[in-house]
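Read the structure below first, then the notes.
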Amino acid sequence: MSTQVSEEVREALHEGRPVVALESTLIAHGLPRPRNLAVAAELEESVRAGGAVPATIAVVDGTARIGLDRAALTRIAEDPSVRKLGHRDLAPALATGATGATTVSATAWLADAAGIRVFATGGLGGVHREWSETQDESADLRLLARVGITVVCAGVKSILDVPATLQRLETLGVTVVGYGTERFPGFYLSSSGEPVDWTLRTPQEVAGVIRAQDALTGPRSALVVANPVPEAEQLDPALHDRVLARGLAAAKEKGITGQAVTPFLLEYLMVHTEGASLEANLAAVRGNVRLAARIAGAYASGTAHGSEDRGSAAHAPEAHGSAATGADGR
């Protein structure tokens, strides 16, 4: 595979310093221009401020790039011909010399192959509503069952079937933990109302789980760290529910089905919340990036069982150990 790892990322990995992977679809397709480039630079700076090295991932002229220079980042942000690449699209993109922004699945695959252990994104894809009729499910889920990477996210997009997505992740053997919460986040919302089986409260605890994964033998799978957007920055729940209901009705009326439903609903939410959904999305991404940098640092420094953890442990119905203390990492 034609892959180019930036010198900064390569040196950090070689020296065992913390690295955080970042997806590029948010830059190319998730934000309006020119704000997208400013946000891309901001997220990379946030990783650096947290003591880690950012590795924004994309495919440029048929080469998978792990860590983008300013020219490549600008191209991904400004070129309207940049494609959207899931992991299934990587081989054609590399073979044909295409340029594309990587989704969660493609970013996780490339980051894992490069040896990066922590990846920050906004929200995961999942099982779509009316799955029994459409059989529509994000490629993110199955891919996460095949890569040993930690994904810090704000749950799955609230326009999806959240309970079915959690059930699917369980079936696929993907570990899901809530960060500082006993409820699975709802992307724009701090809570989807669905419970999580495990709650971790410090970056050191998350690093401890990653190390435990390292020590286990058997199938590889991702660790999903579900980090809720702060309540003060979430989309107003009543507004969210009202606009989403209208959006679902509009999609049905217009005959929009399959893969076209998600972009339609996301656009509908942005327009009919007057941009509030976009701001909640960005608040979630920023929090996830900050937390990912701290987790990567804790994992790299070997402090998973250090002094900050004493007197703290994961909460679960069957868990044994002490209770967590410390900063929330947001």
In chain order, what residues pass the side chain to side chain donor-acceptor pair (under 3.5 Å) check against Glu42, with sequence neighbours excluded?
Arg286
Go through it in stages, so that I can follow the logic: the residues are Glu279 and Arg35, the test is salt bridge (charged side-chain N to carboxylate O under 4.0 Å, His left out), and I'd like the CA-CA distance, side-chain angles, deciding distance and then a yes or no.
CA-CA 12 Å; Glu279 297 308 317; Arg35 191 179 184 188; 2.7 Å; yes
With side-chain hydrogen bond (donor to acceptor under 3.5 Å, both in side chains) as the test, would you mind laying out the steps for Tyr299 and Asp214 before giving the verdict?
CA-CA 11 Å; Tyr299 177 73; Asp214 292 343; 2.6 Å; yes
Can you see whether Thr121 engages Glu23 through a side-chain donor-acceptor pair at a distance of less than 3.5 angstrom?
yes
Does a side-chain N-to-carboxylate-O contact under 4.0 Å join Arg48 and Glu8?
yes
Side-chain heavy atoms nearer than 4.5 Å, only ILVMFWY residues, links allowed to pass through others: does that put Ile116 and Leu73 together?
no
Between Arg75 and Thr99, do the side chains contain an N or O donor and an N or O acceptor separated by less than 3.5 Å?
yes
With sequence neighbours left out, what residues match His272 under ring-ring contact (aromatic ring centres under 6.0 Å, His included)?
Tyr268
List the steps and the verdict of side-chain hydrogen bond (donor to acceptor under 3.5 Å, both in side chains) for Asp61 and Thr63.
CA-CA 6 Å; Asp61 296 328; Thr63 298; over 6 Å; no
Using atom types as modelled and distance alone, determine if a side-chain donor or acceptor of Arg10 lies under 3.5 Å from a backbone N or O of Val5.
yes
Hey, are Asp89 and Lys84 close enough for a salt bridge, meaning a charged N less than 4.0 Å from a carboxylate O?
no
Within the distance-only criterion (no hydrogens, no angle test), does the side chain of Arg17 pair as donor or acceptor with the backbone N or O of Ala300 below 3.5 angstrom?
no
With a 3.5 Å distance limit and no angle check, can you tell me whether Asp112 reaches the backbone of Ala108 through a side-chain donor-acceptor pair?
no
